[in-house]
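Notes for the one structure printed next.
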Number of protein chains: 2
Amino acid sequence: MARRSDHSREEIQHMAVAAAITILNEQGVTGLSARKVAKSIGYTVGTLYLVFKNLDELLLYVNAATLDELHQAITEEAKIHTDPTLSLKSMALAYLHYAQQNSARWSLLFSHQLPDGQLLPDWFEQKIITVFDGVMKPLQQIQPDVNEQAVLQATRELWSGVHGACDLGLSNKLNMGAEFEIEALIESFVENYLFGFAKV
Amino acid sequence: MARRSDHSREEIQHMAVAAAITILNEQGVTGLSARKVAKSIGYTVGTLYLVFKNLDELLLYVNAATLDELHQAITEEAKIHTDPTLSLKSMALAYLHYAQQNSARWSLLFSHQLPDGQLLPDWFEQKIITVFDGVMKPLQQIQPDVNEQAVLQATRELWSGVHGACDLGLSNKLNMGAEFEIEALIESFVENYLFGFAKV
DNA sequence: ACCTGAACACCGTTCAAGT
DNA sequence: ACCTGAACACCGTTCAAGT
């Protein structure tokens with residue numbers, strides 16, 4: 001031991017991220033720890049700190065992968081429809097379904113906060129922008145003459161709503177009776193918001 | 001030691017909840033622990049487990065107090081205006097400001113999940129309903145002829161949006177340029193949604 | 001009956017020491 | 001140069017023992 005060079009720095013990083021995702025899926029957010037990740041890739045905890053600044057940095061890479069998958073899940077839905085309202089509705093439902101099927105990863109993506117008030121790195125912010133861009137296009141179709149700044153803001157307004165509904169819905173904080181379903185709520189929400197957005 | 005009876009069960013519970021709130025305000029969610037709460041009220045950790053089933057139960061009471069305060073902050077705003085749209089706008093802003101000023105407590109309220117998939121106790125669900133009731137009244141004013149089921153759902157649609165905007169906005173996940181402000185975004189969101197809600 | 005203190009099984013993070 | 005193993009300062013939770 002104590003000198004192996006079985007894997008490069010980058011290989012260890014990738015292995016760790018993959019292991020973390022598996023642990024998240026199997027044991028949830030609270031089941032994840034640096035020690036478990038290290039054990040699962042056959043290294044000591046110390047090695048993880050040779051390759052990542054700390055656990056937060058590892059989680060950042062995990063969240064980056066989640067954000068990429070989320071983006072893919074949403075935009076795949078968008079291609080099917082030519083009507084922008086239908087596109088946005090099915091994108092919203094795709095967002096919900098991704099959250100339902102990957103609840104631990106989805107919840108880590110939004111609950112994880114860097115310490116102090118450290119800002120997210122630029123390449124991570126870029127990924128967020130890319131997701132919003134996918135939502136923005138159908139909105140531009142609906143209101144082609146409005147200035148870009150307004151569409152940018154509307155994108156965030158609409159997506160905040162979809163996100164909030166998924167978040168509260170999946171954590172049972174909407175007090176939904178059996179009477180109404182989260183899918184129907186999200187569809188109706190998108191409809192109502194878009195009607196207001198199209199009013200100008 | 002080992003037999004004091006300085007305080008009743010209920011007194012220790014209240015002291016613990018108050019201490020937890022102070023720690024949350026001073027050290028944030030990650031700074032809170034059962035051991036710190038115990039130390040701060042002058043008891044051993046073990047005593048906490050005589051009075052609460054576990055840490056989750058203590059946090060539930062902390063969250064109940066937060067929910068009460070949130071409700072009060074929101075409904076105080078509602079009384080000032082007679083116009084329902086203005087009421088809902090200022091309620092949304094009151095929600096945002098409470099979240100900004102009590103970020104640790106607000107974030108615990110929504111991030112805390114009971115283990116397994118245990119359901120929230122009835123008295124806690126009742127508090128959630130009470131908050132939604134405050135939002136529901138102005139919506140009923142806007143659409144007095146629509147059935148209650150629809151207004152119930154619209155309440156959740158609207159409030160999910162406000163919640164999502166606060167959540168993403170305060171955790172810097174909206175990728176807001178300096179160009180637009182979270183307050184303006186929330187006001188515009190409420191306007192757009194209500195326009196769609198009033199369309200029927 | 002009430003409370004403690006120590007124990008158990010975990011954490012994240014660091015770093016001297018080994019090869 | 002790369003990795004380990006042990007240490008440090010923390011966790012939540014339990015429970016025999018003390019008064």
Side-chain angles (χ1 to χ4, degrees), chain A residues 1-17 19-24 26-63 104 108 111-116 118, chain B residues 1-17 19-24 26-63 104 108 111-116 118:
Chain A
M1 291 286 161
R3 171 102 203 248
R4 322 192 324 193
S5 303
D6 289 346
H7 307 278
S8 70
R9 232 183 114 84
E10 284 72 26
E11 281 173 327
I12 296 178
Q13 277 176 346
H14 285 128
M15 288 159 68
V17 170
I21 289 173
T22 303
I23 295 170
L24 276 170
E26 288 171 356
Q27 309 183 48
V29 178
T30 52
L32 183 64
S33 74
R35 293 174 124 99
K36 282 187 193 167
V37 169
K39 190 169 194 177
S40 138
I41 64 171
Y43 280 87
T44 310
V45 220
T47 304
L48 241 39
Y49 288 82
L50 251 48
V51 148
F52 297 105
K53 209 172 108 272
N54 50 33
L55 188 61
D56 282 318
E57 201 189 29
L58 168 50
L59 297 185
L60 196 71
Y61 288 112
V62 172
N63 284 341
L108 181 72
S111 66
H112 181 241
Q113 276 279 58
L114 293 176
D116 304 326
Q118 265 177 63
Chain B
M1 291 285 161
R3 171 104 203 246
R4 322 195 323 194
S5 304
D6 290 345
H7 307 279
S8 71
R9 235 184 111 84
E10 284 72 26
E11 281 173 326
I12 296 178
Q13 278 176 346
H14 285 128
M15 287 159 68
V17 170
I21 288 172
T22 303
I23 295 170
L24 276 170
E26 288 171 356
Q27 308 183 48
V29 178
T30 52
L32 182 64
S33 75
R35 293 174 126 98
K36 282 188 194 167
V37 169
K39 190 167 193 178
S40 137
I41 64 170
Y43 279 87
T44 310
V45 221
T47 304
L48 242 38
Y49 288 81
L50 251 49
V51 147
F52 296 104
K53 209 172 111 270
N54 50 34
L55 187 61
D56 283 317
E57 202 189 27
L58 168 51
L59 297 185
L60 196 71
Y61 289 112
V62 171
N63 283 342
L108 181 72
S111 67
H112 182 241
Q113 277 279 58
L114 292 177
D116 304 326
Q118 264 177 63

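Naming convention: chains lettered A, B, ... in sequence-line order (proteins, then strands); numbering from 1 in each chain.
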Atom NE2 of A:His14 with >12 non-hydrogen neighbours under 6.0 angstrom: no
OP1 or OP2 of C:dT4 under 4.0 Å from side-chain N/O of B:Tyr43: no
Nucleotide C:dT4, atom P - distance to CG of B:Leu48 in whole Å: 11 Å
Dot-bracket encoding per residue of DNA chain C, Watson-Crick/G-U cut-off under 3.5 Å, | denoting interstrand: ||.|||||...|||||.||
NZ-CG distance between A:Lys39 and A:Leu48, expressed to the nearest 0.5 angstrom: 14.5 Å
Contact summary for A:Glu57 and A:Val51, nearest pair of heavy atoms: OE1-O, 4.4 Å
Smallest separation among heavy atoms of A:Ile12 and A:His7, with atom names: CG1-CB, 3.8 Å
Heavy-atom pair of closest approach, residues A:Asp56 and A:Gln113: OD1-O, 4.4 Å
Interatomic distance, B:Ile12 CD1 vs C:dC2 P [rounded to whole Å]: 9 Å
Short side-chain N/O contact to C:dT4 OP1/OP2 from B:Arg4, under 4.0 Å: yes
B/S/- contact track for nucleotides 7-15 of chain C, protein heavy atom under 4.0 Å: B---BBBBB
Minimum heavy-atom distance A:Asp6-A:Glu11, with the two atoms named: O-OE1, 4.1 Å
P gap between C:dA9 and D:dA9, integer Å: 22 Å
Shortest non-hydrogen separation from A:Val37 to A:Ile23 and the atoms involved: N-CD1, 3.8 Å
Shortest non-hydrogen contact from A:Phe52 toward A:Val17: CZ-CG2, 4.4 Å
